[in-house]
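See structure below.
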Amino acid sequence: MAVLPVSTPVGVVGAGTMGAGIAQVALVAGHEVRLYDAQDGAADRGVAQILARLDRLVEKGRLERSAVDAARGRLTAAASLADLAPSGLVIEAVVEQLPVKREVFGTLEKVCADDAILATNTSTLSVTAIAAGLRRPGRVTGMHFFNPAPLMALVEVPGGAATDPQVAQTVADTATAWGKTPVRCASTPGFVANRVARPFYGEAMQVLEEGGADCATIDAVLTEAAGFPMGPFTLADLVGNDVNLAVGRSVWEQTFGDPRYAPFVAQQQVVDAGWLGRKTGRGWYEYGGDAGSSGPPRPRTAQPRTPPDQVTYHGGFTACFGLLDRIAAAGVSMERYDTGPAAQRSGPGEFEPGESAYGIELPGGGLVLETTGEPATFDGDAVTLDWVGDAATATRVCLAPGDACEPGTLDHAIGLFQAAGLAVSVIDDVPGLIVARTVCMLVNEAVDLVGRREASAPDVDVAMRLGTGYPRGPLAWGDQVGPEVVADVLGTLARAYPGGRYRPSPLLVRAARTGRSLRSL
């Protein structure tokens with residue numbers, strides 16, 4: 001491993017939340033750290049905040065007092081960029097503006113030794129563009145920490161077009177020595193985590209703008225049914241809607257208007273209104289004040305219904321197959337004609353000779369169909385069931401009745417899943433519902449990134465688990481559901497929404513046709 005020796009001084013430019021956090025990581029790892037900020041007094045405040053956090057860690061028993069006392073002597077506030085000259089590694093964490101970063105790196109190149117590594121913590125800008133014009137652009141690489149840097153394990157190491165591979169490897173190995181998990185990637189828009197995560201917000205916005213469901217219901221379905229740690233609207237309010245929009249717009253602009261990353265009017269409107277999230281007291285939700293008395297908006301949840309005594313399963317479930325065991329365990333009699341999850345569903349009559357139904361047949365002949373992207377309206381007296389992440393632990397399901405669905409069919413469907421211990425959200429019959437379209441787009445984005453050789457398959461899944469807290473990596477999720485199922489759903493969505501947003505990655509289509517595991521790409 002090409003790890004920087006602990007004796008190597010580390011410089012950090014920018015003493016805000018991120019810069020101070022990065023400085024703390026390097027300090028705790030044993031390095032001498034010099035912290036600089038162009039704003040008067042900011043570096044001194046950053047040093048004080050770091051030391052205060054270390055003192056609290058001592059109080060909690062996570063650090064020894066002797067270690068903190070030693071660290072105190074290794075941390076200084078720098079008065080100018082020239083004071084960072086002895087540093088063997090300088091990490092820049094200033095405002096996300098290309099001209100500002102270029103100016104910083106231009107100065108660093110003049111004051112630091114030729115063999116010093118210069119790293120940028122940018123999350124959206126091109127490492128190639130930041131290093132352009134320098135005499136030695138090969139020593140510039142990305143070192144993207146996630147907030148809060150002392151706690152988050154992931155560090156993305158994007159290399160620019162001119163980055164020396166050994167420089168990037170040294171930074172990655174040093175991140176490992178600092179207790180982090182690095183992922184190598186190319187300096188392409190959004191790198192890995194921000195790039196692959198765009199559909200998590202985008203599909204939620206699409207459903208909201210179509211009137212399919214409200215913010216609270218979308219958040220609840222993605223957390224309680226799919227297992228994501230936080231819903232997209234809650235998360236956007238946490239990081240700031242202005243920040244989230246800026247990241248999305250940056251990826252969209254850097255990909256020359258690719259429709260997969262197009263911003264949404266609804267998000268622009270909340271930013272224009274000044275509803276930036278928790279930091280302003282209002283975003284997609286209201287915080288504090290009168291809003292605190294009644295709590296956040298509640299998701300749309302169906303009132304209790306009487307479950308049917310008996311149902312018949314004809315096949316066709318993949319992502320939701322495990323729910324059948326929960327239904328049976330609830331005491332609902334279930335006759336089954338298919339004993340395993342279907343790889344794909346092509347239509348009625350596929351599973352048993354003489355059968356004309358697929359999915360779960362309810363009393364009266366109505367159907368519960370796992371969504372394949374097609375609206376339930378196309379199937380007559382039917383209700384579509386959205387995907388779940390883990391059938392054993394899900395606490396909610398999402399249903400959408402078709403326009404021809406009989407009231408009794410919907411009531412039976414609701415009661416069936418309530419009997420299995422699941423809250424039920426009923427939404428409008430939008431293509432792909434909420435979870436299925438989101439998961440398929442996440443899988444597609446991850447596959448496309450691998451197909452472009454911008455990151456390896458293992459690194460993509462690691463980045464999404466550690467950087468965003470997803471319950472599983474998107475490639476692992478795609479393998480679980482089946483590449484052919486994902487490709488079919490995307491194809492259906494592409495027909496429903498022409499324009500290119502839902503086009504399947506060529507590599508996904510190949511995997512679907514050959515049966516190749518996405519994690520082996």
Practice task
For Thr301 and Arg396, run side-chain hydrogen bond (donor to acceptor under 3.5 Å, both in side chains): C-alpha distance rounded to whole Å, both residues' side-chain angles, the deciding distance at 0.1 Å, then the answer.
Solution key: CA-CA 9 Å; Thr301 303; Arg396 180 179 297 268; 2.9 Å; yes

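- Thr217 and Asp214 share a donor-acceptor pair across their side chains, judged by distance under 3.5 Å alone.
- Donor-acceptor pairing under 3.5 Å is recorded for the side chains of Thr122 and Glu96.
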Practice task
Evaluate the side-chain hydrogen bond (donor to acceptor under 3.5 Å, both in side chains) criterion for residues Arg53 and Gln24: first the C-alpha distance (whole Å), next the side-chain angles of each, then the deciding distance (0.1 Å), finally the verdict.
Solution key: CA-CA 9 Å; Arg53 286 199 294 265; Gln24 179 178 327; 2.6 Å; yes

Exercise for the section: Would you sort out whether Gln268 and Arg249 count as a side-chain hydrogen bond (donor to acceptor under 3.5 Å, both in side chains), showing the intermediate values? Expected result: CA-CA 10 Å; Gln268 184 67 61; Arg249 182 179 293 278; 2.9 Å; yes

Practice task
Test side chain to side chain contact (heavy atoms under 4.5 Å, CB included) on Val243 and Lys279 and set out the steps.
Solution key: CA-CA 12 Å; Val243 174; Lys279 60 187 176 184; 4.1 Å; yes

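- Ionic pairing of Arg519 and Asp461 is not present here: no N-O contact between side-chain nitrogen and carboxylate oxygen is shorter than 4.0 angstrom.
- A donor atom on one side chain and an acceptor atom on the other are found under 3.5 Å apart for Thr120 and Glu92.
- Ring orientation note: the planes of Phe228 and Phe200 are tilted relative to one another, at an angle of 30° to 60°.
- Side-chain contact check for Asn244 and Gln267: at least one donor-acceptor pair (N or O, by modelled atom type) lies under 3.5 Å.
- Residue Trp178 places its CH2 atom among more than 12 non-hydrogen atoms of other residues, nucleotides or ligands, all under 6.0 Å distant.
- Atom CG of residue Leu27 and atom CD1 of residue Ile22 lie 13.5 Å apart, to the nearest 0.5 angstrom.
- When only modelled atom types and interatomic distance are considered, Glu370 and Thr318 share a side-chain donor-acceptor pair under 3.5 Å.
- For Arg437 and Thr371, the side-chain atoms include no donor-acceptor pair closer than 3.5 Å.
- Judged purely by atom type and a 3.5 angstrom limit, Ser250 has no side-chain atom pairing as donor or acceptor with the backbone of Val247.
- Between Leu276 atom CG and Asp237 atom CG the span is 9.5 Å, to the nearest 0.5 Å.
- For the pair Leu433/Ile427, a side-chain contact is recorded, criterion being any heavy-atom separation below 4.5 Å from C-beta on.
- Between Trp284 and Phe233, the ring planes are perpendicular. Angles over 60° get that label, and only those under 30° would be called parallel.
- No option in Arg260, Arg495, Glu203 other than Glu203 meets the side-chain hydrogen bond (donor to acceptor under 3.5 Å, both in side chains) test with Tyr502.
- Salt-bridge formation is detected for the pair Arg452/Asp448: a Lys NZ or Arg NE/NH1/NH2 atom is positioned less than 4.0 Å from an Asp or Glu carboxylate oxygen.
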Exercise for the section: Could you please spell out the steps behind the side-chain hydrogen bond (donor to acceptor under 3.5 Å, both in side chains) verdict for Tyr497 and Glu210? Expected result: CA-CA 12 Å; Tyr497 303 96; Glu210 284 188 55; 2.4 Å; yes

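- Under 4.0 Å is where a charged nitrogen must lie from a carboxylate oxygen, and between Glu156 and Arg184 no such pair does.
- You'll find the side chain of Asp258 reaches within 4.5 Å of the side chain of Arg503, heavy atoms only.
- The distance from atom CG of Asp411 to atom CG of Leu416, rounded to the nearest 0.5 Å, is 12.5 Å.
- No hydrogens or angles considered: a donor-acceptor pair under 3.5 Å links the side chains of Asp429 and Thr377.
- By the 30° and 60° cut-offs, the orientation of the rings of Tyr287 relative to Tyr285 is perpendicular.
- Annotation: the span from Leu245 atom CG to Met205 atom CE amounts to 8.5 Å, rounded to 0.5 Å.
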